[in-house]
Amino acid sequence: MAHGKKSDEKVVFVGDSRVRKGEGFITPPDYTSYPGKSEAFIPNFLLKEWMVGVVVLVGFLVLTISEPAPLGYPADPSANVIPMPDWYFLFLYQYLKYPYASGDYVVLGTLGVSGVAFGALLLAPFLDTGKERRFYRRPIASSLMLLSIVSVIYLTNVAWTHYKHELEATGQEPEHIQREKEAEERHAAGESTSFAPSQEEDEIAIVEPDAAGAEIYKKATCVSCHAVDLKGQGAPALLGIGDKHSQEEILTIIKEGVGGMPAQYDGNIAQGLTDEDINTLAEWLALQKAEQ
């Protein structure tokens with residue numbers, strides 16, 4: 001090997017046969033057979049995780065196609081309903097109720113505290129760089145994990161307990177329980193428990209569609225659930241309702257409610273209808289029969 005700057009000095013290159021010539025990306029060897037080692041993350045481990053994720057995703061897609069989500073009752077802005085999210089959002093629902101996370105502090109609650117929580121999650125790999133895998137030897141990661149679990153369980157429990165107390169105080173009944181009771185009543189009466197209109201109901205025509213009662217129906221609260229064509233939108237259809245109930249019974253349903261449907265009398269009065277209009281409406285609905 002040359003050490004000087006003479007042009008005639010012999011240059012000897014020293015090579016090492018242990019150094020391999022680079023040929024692009026080299027797949028790391030599989031260390032699964034060696035104690036304390038594991039396989040390469042890229043591409044071995046990542047490919048396996050991706051394949052498992054694809055299988056799970058396809059499973060979810062099959063379930064959503066074969067079992068469509070049931071429709072709830074149509075939204076009614078005049079109804080006194082206590083809003084309640086799904087169980088996995090209960091802890092966030094309860095968290096946003098606190099004064100420091102809402103009102104004047106809504107920015108702190110939505111961005112500040114949540115930013116700290118997600119920031120801690122992102123920084124966890126950089127804060128916990130040890131090789132120890134026993135949780136009691138990893139204080140930072142274990143503390144963050146336990147704190148998160150305890151917080152979620154506590155907030156979920158508080159949210160659910162408060163919801164049940166609100167139901168008891170207002171005398172309300174959750175929608176899913178209303179649906180179950182109404183389905184049981186229909187089953188006991190020999191009727192279909194589905195809220196979807198049947199083929200027979202589709203073939204029933206509206207009786208006297210130009211009558212005064214039809215115009216009142218379009219202004220009443222009934223139309224928001226039972227639709228203009230009386231076929232229902234998740235609620236029972238009113239086509240052929242005259243075969244099941246008389247005018248007096250329909251008036252009683254409007255004033256007192258039935259099954260999962262609350263009373264509609266006060267809502268109709270608030271809409272500007274009079275008692276005479278409601279009587280005309282009940283009379284028109286009683287005329288809706290399958291055969292004329």
Donor-acceptor pairs are to be reported for all side-chain atoms of residues 144-151 against protein atoms at under 3.5 Å, with residues two or more places apart or in another chain.
{"from": "Ser148", "atom 1": "OG", "to": "Leu144", "atom 2": "O", "distance (Å)": "2.8"}
{"from": "Ser151", "atom 1": "OG", "to": "Leu147", "atom 2": "O", "distance (Å)": "2.7"}

*How many angstroms lie between atom NZ of Lys255 and atom CG of Asn268, to the nearest 0.5 angstrom?*
11.5 Å
*Applying the 4.5 Å side-chain criterion to the ILVMFWY set and letting contacts propagate, would Val58 and Met51 be lumped into a single cluster?*
yes
*asked:* Contact between Tyr93 and Thr156 at the side-chain level, heavy atoms closer than 4.5 Å - yes or no?
replied: no
*Linking I/L/V/M/F/W/Y whenever any side-chain heavy atoms sit under 4.5 Å apart, do Val228 and Leu273 land together?*
yes
Between side-chain atoms of residues 106-115 and protein atoms elsewhere (two or more places apart, or another chain), which donor-acceptor pairs fall under 3.5 Å?
{"from": "Thr110", "atom 1": "OG1", "to": "Val106", "atom 2": "O", "distance (Å)": "2.7"}
{"from": "Ser114", "atom 1": "OG", "to": "Thr110", "atom 2": "O", "distance (Å)": "2.3"}

*Taking side chain to side chain donor-acceptor pair (under 3.5 Å) as the test, write out the residues that go with Arg138, two or more places apart.*
Asp128
*asked:* Run Lys244 and Glu249 through side-chain contact (heavy atoms from CB on, under 4.5 Å) and show every step you take.
replied: CA-CA 9 Å; Lys244 303 176 183 178; Glu249 291 174 337; over 6 Å; no
*Should Lys289 and Val207 be marked as a side-chain contact (heavy atoms from CB on, under 4.5 Å) after you check the CA-CA gap, both sets of side-chain angles, and the distance that decides it?*
CA-CA 7 Å; Lys289 298 183 179 182; Val207 180; 5.5 Å; no
*In chain order, what residues pass the salt bridge (Lys or Arg N to Asp or Glu O under 4.0 Å) check against Lys219, with sequence neighbours excluded?*
none
_Parallel, tilted or perpendicular: which one describes the rings of Tyr98 and Tyr100, with boundaries at 30° and 60°?_
parallel
*Taking only residues two or more places apart in sequence, or in another chain, which ones meet Asp210 in a side chain to side chain donor-acceptor pair (under 3.5 Å)?*
none
*Kindly determine whether Tyr217 and Cys222 satisfy side-chain contact (heavy atoms from CB on, under 4.5 Å), including the steps that lead there.*
CA-CA 7 Å; Tyr217 172 79; Cys222 315; 3.6 Å; yes
_Taking the side chain as everything from C-beta on, heavy atoms only, tell me whether Gln172 gets closer than 4.5 Å to Glu166._
no
*Between CG of Asp229 and CD1 of Ile206, what distance do you get to the nearest 0.5 Å?*
6.0 Å
_Shared hydrophobic cluster, Tyr88 / Val152 (ILVMFWY, side-chain heavy atoms < 4.5 Å)_ = yes
*For the pair Leu285 and His245, evaluate side-chain contact (heavy atoms from CB on, under 4.5 Å) and give the outcome as yes or no after the intermediate values.*
CA-CA 9 Å; Leu285 289 174; His245 300 288; over 6 Å; no
_Beyond-backbone contact of Gln271 with Thr221, side-chain heavy atoms, under 4.5 angstrom_ = yes
*asked:* With side-chain hydrogen bond (donor to acceptor under 3.5 Å, both in side chains) as the rule and sequence neighbours excluded, what pairs involving residues 272-282 come up?
replied: Tyr265-Asp275, Thr274-Asp277
*Salt-bridged, Glu215 to Lys218, with N to O below 4.0 Å?*
yes
